[in-house]
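Here's the structure we're looking at; comments come further down.
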Amino acid sequence: MRTILSILIANALVMSGSAWANDSDTQKINELKQQLADITEELDDLNDRVDNNERHTALDRISLTGDFRVKAHSLHYQNVTWNPAIKVNFNDFGSKAMGGVFGSPTDSDSPLGKMLAANPSLAAAFQQGQLQGVMPYVLAPKSTQDIDNDIFYTTRLRLNIKAKVWDNVNFAGRLSMYKNWGDSTGVQVFDSWRSFTMDGTSSGNTSGDWLRVERAYFDWKNIGGSNTYLSIGRRPSTYGPPTHYRENEKRGGTPSGHLVNFNFDGATLGYNLGEITGIDGQVVRFCYGQGFESQWGNGEMFGDIVTKDTHLGGFNIDAINDGTNFLQFTLFGAKDINDGFKGTMAFPTQLAGIFAPTMYQDMQKFSNFNFETRVQPSGVIGDMYLGGIGFAREEANDIKWFISGGWTRSESNGNAGMFGGMLSDAVFEAQLNADGSEIIMMPAHSDDNDTKDGYGVYVGIQMPAPLGKFGIEYNYGSKYWTPFTQAQDDPIGSKLATRGHVGEAYYIFDVNPHMFIKLAGLYYDYEYTGSGTPVGAPQNIDDILAGSAYSMLPVVDTAFDINASLTVNF
């Protein structure tokens with residue numbers, strides 16, 4: 001606009017100047033030139049103001065906040081035991097052996113002869129007729145040790161992005177970086193289910209010095225003037241209530257943090273029921289999501305896909321949320337759970353010695369090398385259901401307390417992969433490899449198809465203290481307790497997924513309104529194996545230590561984490 005006005009004024013002055021110049025009225029020309037200069041200066045100032053306002057308006061649509069946390073842990077594990085074995089159907093093995101499927105046991109070049117020669121104890125038991133029914137086939141000697149990681153540093157950076165798209169449409173996202181000092185490989189040796197990084201746990205597992213999209217979704221509110229809203233995208237499904245108290249932050253996610261701390265993509269259809277009932281903060285939500293894509297990227301063009309997409313659905317209800325009292329109900333199901341997820345890991349040399357002897361011969365020459373591999377599940381093992389109720393209250397004296405109860409149910413379909421079926425072990429059967437030169441053990445089915453129920457309790461209190469606040473929390477999970485909290489960033493493992501007891505105490509020092517120091521300690525007392533995974537039958541820890549039970553991965557008896565952190569919000 002300024003340019004057009006300047007041109008028009010200049011043209012007018014030129015025409016006027018020409019007429020007046022003919023009259024030799026130079027004084028008026030000079031006056032008009034000065035007026036033009038004054039007008040131009042005013043237009044420049046006006047234009048700068050308009051540009052600044054437009055820029056400010058554009059930037060007002062997007063807000064960027066975040067937090068930065070550095071944390072030092074001292075991690076200690078007691079009675080870490082590895083006693084690997086698989087359950088083998090020896091009736092099937094004996095039938096095939098006696099039928100000559102594996103060749104003659106006296107022929108040293110036959111598959112059966114090679115197997116018996118390599119396993120003298122197995123050969124003796126086979127000859128004495130002791131291999132009957134389903135029995136453990138021990139894969140390696142039992143070992144037990146204590147492990148101390150005296151200092152383990154981590155850095156977490158989270159960037160929150162919010163944008164107002166329209167009067168009733170908003171966008172929100174969060175980018176996160178979470179790494180341990182001195183490592184940005186993003187891949188860990190597979191020694192526990194916690195070390196297996198996948199889509200749902202990437203935000204809570206140290207992965208490297210890059211930003212991941214932890215959340216990205218839009219909210220479309222008051223659709224058609226109603227109390228209905230729709231939200232689609234990568235969901236805010238981590239750090240939900242009441243876990244936000246120990247994080248010293250506001251509610252971070254929608255679902256109960258006792259049941260769900262897991263990233264997934266999906267949609268929420270909600271209704272602000274409080275507008276009708278008059279109860280503050282009352283919201284009913286139906287949530288849907290997909291936790292696993294079975295075909296795309298899994299070599300589907302070869303036509304041998306046996307897994308299925310995992311779909312999630314259920315209800316999350318804030319019955320009361322008035323700033324003092326908070327009451328929440330959660331109920332949802334996950335259909336077609338597979339025996340794992342897509343992910344990457346460093347293959348353990350120890351497992352290579354058991355399952356890949358030919359490869360192991362070369363791996364021994366490079367003892368400090370692990371090969372990185374992409375893994376995916378081998379089949380569908382069943383369905384899961386989760387439910388819970390949680391209550392929290394913030395008193396007038398700033399004391400905050402909560403209690404939460406959770407329930408999980410697993411329904412097995414009888415299938416099993418290498419590490420087991422739905423809360424059950426795999427039964428292996430012997431067969432020949434592709435060229436008929438070796439006997440291999442392959443999972444045939446699960447040893448238990450029963451429906452299994454688990455439960456968990458979670459309680460805590462936070463109270464004012466000198467220079468800050470003090471908190472105590474306790475949680476317990478039963479034998480079959482299997483919540484979706486694997487993205488919790490506790491290095492030892494999600495405390496809320498623990499099958500056993502966890503106690504935590506912490507002290508938060510408020511440096512200023514945007515900065516705090518936290519000192520904390522967690523003590524884990526595991527009762528059963530497999531915390532955080534639905535794959536494999538939970539085994540009693542005492543039986544593992546005694547050598548009467550087995551586990552394909554190392555198990556921990558007790559552990560504790562003493563840590564200190566400094567968090568800056570900006």
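The residues of the chain are indexed from 1 along the displayed sequence.
Test R212, K342, R234 against D199 for salt bridge (charged side-chain N to carboxylate O under 4.0 Å, His left out) and you get one pass: R234. Remark: of the listed residues D450, L423, T451, L423 is the sole one forming a side chain to side chain contact (heavy atoms under 4.5 Å, CB included) with S410. F391 pairs in a ring pair (Phe, Tyr, Trp, His ring centres under 6.0 Å) with only one of the listed residues (F329, W401, F326), which is W401.
Other residues, nucleotides and ligands contribute over 12 non-hydrogen atoms within 6.0 Å of the CZ atom of F570. Atom OH of Y153 sits in a sparse spot, with 12 or fewer heavy atoms from other residues, nucleotides or ligands closer than 6.0 Å.
Residues D425 and Q539 bring a donor and an acceptor atom of their side chains to less than 3.5 Å of each other. With 3.5 Å as the limit, one finds no donor-acceptor pair spanning the side chains of S202 and N205. Looking at T144 and T81, their side chains do bring a donor and an acceptor atom within 3.5 Å of each other. Counted by atom type alone, Q188 and S195 present zero donor-acceptor pairs between their side chains at under 3.5 Å. Donor-acceptor pairing under 3.5 Å is recorded for the side chains of K469 and N248. Side-chain atoms of R285 and S231 include no donor-acceptor pair closer than 3.5 Å. Under the 3.5 Å distance criterion, with hydrogens and angles disregarded, no donor-acceptor pair is assigned to the side chains of E504 and Y474. Counting only N and O atoms by type, the side chains of T310 and N338 include a donor and acceptor under 3.5 Å apart. Side chains of T185 and D183: a donor-acceptor N/O pair is present below 3.5 angstrom, by distance only. A donor and an acceptor atom, one from each side chain of N180 and T206, are located under 3.5 Å apart. Looking at S203 and N263, their side chains do bring a donor and an acceptor atom within 3.5 Å of each other. Between the side chains of E214 and T238, at least one donor N or O lies within less than 3.5 Å of an accepting N or O.
For the pair R409 and Y455, the NZ or CZ position fails the cation-pi test of under 6.0 Å to the six-membered ring centre and within 45 degrees of the ring normal.
Under the 4.5 Å side-chain criterion, counting only non-hydrogen atoms from C-beta, Q145 is not in contact with W82. Taking the side chain as every heavy atom from C-beta outward, H73 and I562 never approach each other to under 4.5 Å.
In this structure, H258 has its ring center no closer than 6.0 Å to that of W407. Aromatic rings from W193 and F419 are positioned such that their centres are separated by under 6.0 Å. Y528 has its ring centre no less than 6.0 Å from the ring centre of Y526. Aromatic ring centroids of F402 and Y458 lie under 6.0 Å apart. Proximity of the aromatic rings of F315 and F286 is defined here by a centroid distance below 6.0 angstrom, and this criterion is met. Aromatic pair H244/Y239: centroids not less than 6.0 angstrom apart.
Of the possible donor and acceptor atoms, none in the side chain of D490 sits under 3.5 Å from a partner among the backbone N and O of I492.
Using a 4.0 Å cut-off between charged side-chain N and carboxylate O, D265 and R235 make no salt bridge.
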*Taking it one step at a time, do F171 and F218 satisfy ring pair (Phe, Tyr, Trp, His ring centres under 6.0 Å)?*
CA-CA 4 Å; F171 169 84; F218 73 83; 8.7 Å; no

